[in-house]
Structure formats: structure tokens, C-alpha cells
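Comments concern the structure below.
Throughout, protein chains are lettered first and strands after them, A, B, ... in sequence-line order, and every chain is numbered starting at 1.
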Protein chains: 2
Amino acid sequence: MVSAAMAKQPLEFILEELEQADGLEALQRASEQIRDHYGIDHVVYHWVDSAGDQYGCGTYSDAWRERYLEQNYLRVDPVIVGCFQRFHPVDWKRLDWSSKAARAFQAEAIAYGVGNQGFSVPIRGPNGQFALFTISHSCNDDTWANWTETHRRDLILIAHDFNQKALELEPDRTPEQSQALSPREVDAMTLLAMGYSRAQVADTLSISEHTLRVYIESARFKLGALNTTHAVARAMSRGLIVV
Amino acid sequence: MVSAAMAKQPLEFILEELEQADGLEALQRASEQIRDHYGIDHVVYHWVDSAGDQYGCGTYSDAWRERYLEQNYLRVDPVIVGCFQRFHPVDWKRLDWSSKAARAFQAEAIAYGVGNQGFSVPIRGPNGQFALFTISHSCNDDTWANWTETHRRDLILIAHDFNQKALELEPDRTPEQSQALSPREVDAMTLLAMGYSRAQVADTLSISEHTLRVYIESARFKLGALNTTHAVARAMSRGLIVV
DNA sequence: TTTCTCCTCCCCAAAAATGGTGAGGTCGCA
DNA sequence: TGCGACCTCACCATTTTTGGGGAGGAGAAA
């Protein structure tokens with residue numbers, strides 16, 4: 001690992017490199033540069049799509065990448081599972097590795113060259129979008145604790161910019177803005193999402209149930225939804241209602 | 001506004017102050033310190049609960065705060081609405097202020113002392129948790145553009161630490177880890193959220209509709225939901241399913 | 001002024017969802 | 001080995017939701 005004195009400089013440089021990345025290959029190179037600048041084993045950006053699709057970019061070996069996809073480790077990997085429930089960047093040591101599947105996964109990961117130490121920054125967007133920026137290394141606990149403490153802030157910023165760039169370069173992942181709902185439609189969807197029946201919603205809004213139905217139907221139409229549950233789900237995932 | 005030379009120093013100091021905050025009052029003071037350090041008009045942290053409850057902390061006047069709550073501006077405020085749809089920190093100028101309600105809101109906000117410029121950092125957590133860290137100021141566009149460009153990274157880090165601290169101090173807001181759903185329950189909820197009817201879901205999962213009902217009911221029970229739509233909404237807002 | 005969207009109300013019949021109860025199997029953990 | 005969690009299937013009657021009609025008034029935009 002590079003000395004602390006050297007390690008302090010790269011941030012500006014890295015962020016600028018990232019800004020200039022003009023394609024997914026450039027992003028791949030950026031992850032390698034980050035790895036080299038900091039003198040750590042691995043730098044990885046991992047995107048998990050709302051549909052469960054994933055996109056990865058980083059310095060893990062192809063073998064591991066393939067193995068990961070093939071075994072569908074997405075649902076096993078304690079880093080994913082744990083970070084998905086957390087707010088803040090986390091050291092891998094603080095995750096839950098107790099289950100049998102997690103231990104097996106860990107052993108295999110290390111065999112494939114992933115470091116025994118790791119630090120992951122969760123990143124979230126609207127519509128449940130989720131990504132992880134991870135660094136991994138092989139060293140003892142104290143060394144790692146010092147290093148992460150020193151570079152925590154750098155990593156947050158890099159994670160941020162990395163994610164921003166990845167999104168720019170793959171605009172498919174920022175879905176279309178959908179047609180807005182009228183105020184009454186929003187009311188209706190919101191109350192339905194809160195578990196009210198149509199009768200209750202109509203009562204709450206002081207309108208007839210027939211009128212309410214018109215709103216639900218028009219919301220369903222605007223959202224391209226097949227039924228009420230679908231409409232509510234879409235309204236939520238598009239941020240049109242907050243529950 | 002403070003000179004650039006002075007403005008560069010405060011970051012470390014601010015972050016340390018934040019680390020040491022030991023109560024919500026301290027957090028309030030921290031926001032005032034940040035404001036003074038950077039010489040801007042306002043610094044605000046705004047939390048929006050999954051239930052629509054809010055918690056605010058910052059330098060806006062009490063009058064504006066009350067007005068905001070009383071008028072339920074949460075659903076009007078283009079900063080909230082816009083940031084809720086975005087990934088990245090955003091300058092208020094880039095938000096959509098075109099609707100009549102938004103313009104009225106803007107005029108009123110300025111009358112209550114909110115600056116004409118603003119920059120907000122959206123922060124997200126698991127289970128649909130959402131917060132904004134905002135700074136606001138009164139100045140012309142160029143000055144503001146320069147300032148935000150210079151301090152963008154600082155703001156991201158401060159936003160991050162501020163949010164972390166706010167969560168530490170108010171653990172109520174990291175809600176009960178909702179009971180996880182079983183794989184089949186997740187399947188069922190996911191397909192329902194995609195608009196499938198019960199019959200279609202049962203067919204897709206190759207199980208009888210009766211069996212499917214058991215999943216839906218047990219998911220509903222685990223989620224404390226009143227009906228299927230409610231269960232899907234809760235599963236979504238808790239991040240248990242992604243659609 | 002015309003045109004548009006939004007809000008409000010009504011009927012009927014068919015389809016879907018719900019509530020309650022019961023039962024048998026597998027699998028992992030303690 | 002036993003407990004608990006999960007997956008699978010079934011029947012009943014009742015309540016709720018849905019689909020397809022039609023219609024008038026208010027207010028904003030063009």
C-alpha cells in the first residue's frame with residue numbers, strides 16, 4: 001500500500017480523470033487507475049438494476065465475475081444484502097457473514113482473488129436504483145482500519161462521481177419521466193397505497209365512490225397500469241406519490 | 001460571501017464539529033456554523049419520512065417552517081419533488097418551476113427569507129428513506145455558479161455526515177428492520193406490483209391460486225398491511241421488492 | 001371564444017379478491 | 001430429535017373491485 005503522503009494527492013487527479021471518462025471502457029480504466037493510485041487490490045463499481053440485472057465495472061478477475069453471475073451470488077453476497085439495508089459506507093467486517101452460504105461465498109471470493117478486507121459505499125437513486133462502490137484489499141485488520149479511516153471521505157466522493165459518470169454513459173438506466181397525475185389522482189393513489197379500500201378513500205376525500213373510480217381509472221390509464229395495485233406500484237416507483 | 005481562500009478551510013473543521021454533535025440542538029448549531037463559515041444565507045437538513053412525516057433542522061425562519069408545514073408544501077416544493085426524482089446534487093435553477101403552484105411557492109419562499117439561489121443534495125437510505133441537505137443564498141447566477149462549483153464536493157461530504165449524525169441522534173427514524181419476506185412471498189409481491197392478477201401470478205409461479213393466496217396473506221401479515229395493494233406498497237417502500 | 005383538463009355524479013353485471021379453517025410435505029437449526 | 005419456517009394444496013360464502021356506458025360544471029389555456 002502506498003504511503004499516506006502519496007495517497008493524499010490522487011483524489012483531485014482521480015476525480016478529474018473520472019470527469020473526462022467518455023465511455024464504459026474509460027470507466028474501466030478509471031477503476032484501474034484508482035486501484036493503482038491507492039495501491040489497493042481491487043476497485044469495483046457494481047450496479048443492480050431494478051429488474052435484478054446487474055452491471056459491473058472494476059478490477060475483479062473475469063473468472064470471478066463470471067462465477068458471480070453464473071451462481072447468481074447477488075442474493076447471497078453479504079456485501080450486497082447488507083449494504084442494501086444500510087445508509088452509510090461500511091467496512092466488510094461489520095457485515096453479517098454468519099450464515100453458511102455467506103461463509104462459503106467469502107471463502108470462494110478470496111480464492112478468486114478478492115481481498116480479505118473491503119469497504120463499500122452504497123449509492124441510491126430514485127426508483128429504487130442501487131449501486132455499490134467497493135474497494136477491497138488483502139492486509140491485516142489494523143492496517144485496513146487506518147487506511148479506511150484516512151480515505152473514507154475520498155471514497156465517498158469517488159463513489160459519487162463514479163456513479164454519476166456511469167449513469168451518464170448508460171442513459172438507459174435513467175427511465176423516462178412519466179406523465180404527472182392530477183391532485184385528486186395523487187390523493188387517491190396515496191390513500192390506496194396506505195391500505196384504504198375504495199369506500200374509505202372516497203369517504204376520506206368526501207367524494208362518491210363513483211367519482212373516486214374515475215380518478216383511479218384515469219390514473220391507471222396515465223400510468224399504463226393494468227390494475228389498481230399496478231398503478232400504485234408505478235406511482236410509487238416513479239416518485240409520483242410518497243407513502 | 002466569504003473569500004475562496006477562507007472558504008477552503010472550514011471543511012475539516014465543520015466535519016469534526018459534526019462528528020461531535022451530541023443532540024439535535026447541536027445539529028441545529030452545526031447548521032448555523034456551516035452557514036457562517038461559508039457566509040451563505042441558509043443551511044437546511046430536511047428529512048422526509050416514508051409516512052410523509054418530516055423533520056427539519058437548519059437556519060430557515062420559524063415562520064417559514066410553520067408556513068411550510070401548515071400548507072403541506074412538501075407536495076408542492078419543487079426542490080423536494082425534483083430531488084426525489086434525481087440521483088445527484090442539483091442547483092435549484094435546474095428544477096422545474098414552471099407550474100403555477102411552484103411559482104407561487106417560490107415567491108412565498110423568497111418573501112420568507114429563503115434565498116433566490118439554492119443547491120440541494122439528495123440522500124437516500126434503505127426502505128425509501130429520503131433526506132435533503134440544502135444550502136440557499138441570495139446572489140446573482142454567476143456568483144452562485146462559481147460558488148457551487150467550488151464547493152460541490154464539500155457539500156456532498158457535509159451532507160453525508162450531517163445525515164449520518166441526524167440518523168444517529170434520532171434512531172426512531174431507522175425503523176424496525178421489517179421482517180423479511182420469504183422468496184415465494186417476494187415473487188408474489190413482485191409480480192403483483194407488475195400488474196399481474198392473482199391468476200396470472202399463480203400461473204407464472206406454477207402454483208395453484210390457493211397457494212398463492214397463502215403467500216399474499218402471509219406477506220400481508222408480515223408487513224402489517226390491510227390489503228394486497230397496501231402490502232405491495234409497503235414491500236416497495238421498504239425495499240423488499242424492486243419493480 | 002373555443003378547447004382542454006379536471007372534478008363531480010350515476011347505473012348495472014361480471015370478475016376478482018378476501019377471510020376463515022385445515023392439512024401434508026421438506027429443510028435447516030439447535 | 002423436535003421446533004419452526006417455508007412451500008404446497010383445498011372449500012366455503014361474502015365483499016370488493018372492475019369494465020363500459022353517459023353527463024354537467026368550473027377553470028385555465030390558446
Side-chain angles (χ1 to χ4, degrees), chain A residues 75-76 96-105 178-235 240, chain B residues 75-76 98-104 177-235 240:
Chain A
R75 315 222 174 243
V76 176
D96 176 19
W97 298 89
S98 61
S99 84
K100 210 173 58 177
R103 292 197 170 280
F105 171 81
S178 58
Q179 194 179 359
L181 299 179
S182 80
R184 276 316 218 191
E185 287 159 359
V186 172
D187 293 342
M189 290 294 110
T190 304
L191 291 169
L192 288 171
M194 288 165 54
Y196 290 32
S197 70
R198 290 206 315 203
Q200 289 175 309
V201 174
D203 203 50
T204 305
L205 297 178
S206 303
I207 55 177
S208 78
E209 197 174 326
H210 310 283
T211 302
L212 175 69
R213 282 184 47 193
V214 179
Y215 297 143
I216 299 176
E217 272 166 38
S218 85
R220 208 168 43 215
F221 177 75
K222 286 181 181 175
L223 296 165
L226 298 167
N227 55 43
T228 301
T229 300
H230 195 196
V232 168
R234 290 206 154 175
L240 301 174
Chain B
R75 316 221 176 242
V76 177
S98 62
S99 84
K100 209 176 57 175
R103 292 198 170 278
Q177 288 284 29
S178 53
Q179 197 176 355
L181 299 179
S182 77
R184 275 318 218 188
E185 287 159 0
V186 172
D187 292 343
M189 289 294 109
T190 304
L191 291 169
L192 288 171
M194 288 165 56
Y196 289 33
S197 70
R198 291 206 315 205
Q200 287 175 308
V201 173
D203 202 49
T204 305
L205 297 179
S206 302
I207 56 178
S208 78
E209 197 174 326
H210 310 284
T211 302
L212 175 70
R213 281 183 47 193
V214 177
Y215 297 141
I216 299 176
E217 272 165 39
S218 85
R220 206 166 50 213
F221 177 74
K222 286 180 182 176
L223 296 166
L226 298 167
N227 54 44
T228 302
T229 300
H230 195 198
V232 169
R234 289 206 155 174
L240 301 175

Inset, instruction - Find which nucleotide of DNA chain D each of B/Arg184 and A/Tyr196 is nearest to by heavy atoms, and output the residue with the more 5' nucleotide. - result: B/Arg184

Legend entry - Base D/dG20 to side chain A/Arg213, donor-acceptor N/O within 3.5 Å cut-off: yes

Are any of [X]'s side-chain N or O atoms less than 4.0 Å away from OP1 or OP2 of [N]?
X	N	value
A/Thr211	C/dT8	no
B/Tyr215	D/dT8	yes
B/Lys222	D/dC6	yes
B/Thr228	C/dA17	no
B/Ser218	D/dC6	no
B/Arg198	C/dT18	yes
B/Ser197	C/dA15	no

What integer distance in Å separates [X]:[atom1] from [N]:[atom2]?
X	N	atom1	atom2	result
B/Leu212	D/dC9	CG	C1'	12 Å
B/Glu217	D/dC9	CD	P	15 Å
A/Leu205	C/dC6	CG	P	16 Å
A/Glu185	C/dT8	CD	C1'	13 Å
B/His230	D/dT16	NE2	C1'	17 Å
B/Ile207	D/dA10	CD1	P	11 Å
B/Leu181	D/dC7	CG	P	10 Å
B/His210	C/dA17	NE2	P	13 Å

Legend entry - Heavy-atom check, side chain of A/Arg184 versus side chain of A/Ile207, under 4.5 Å: yes

Given [options], identify the nucleotide with an atom nearest to the side chain of [X].
X	options	value
A/Ser182	C/dT8, C/dG19, C/dC6	C/dC6
A/Glu209	D/dT17, D/dG19, C/dC9	D/dT17
B/Arg220	D/dT8, D/dC6, C/dG19	C/dG19

Just verifying a value: how many Å separate [X] [atom1] and [Y] [atom2], rounded to the nearest 0.5 Å?
X	Y	atom1	atom2	answer
B/Thr229	A/Asn227	OG1	CG	7.5 Å
A/Ser197	A/Leu191	OG	CG	10.5 Å
B/Leu226	A/Gln200	CG	CD	7.5 Å
A/Asp187	A/Thr204	CG	OG1	10.0 Å

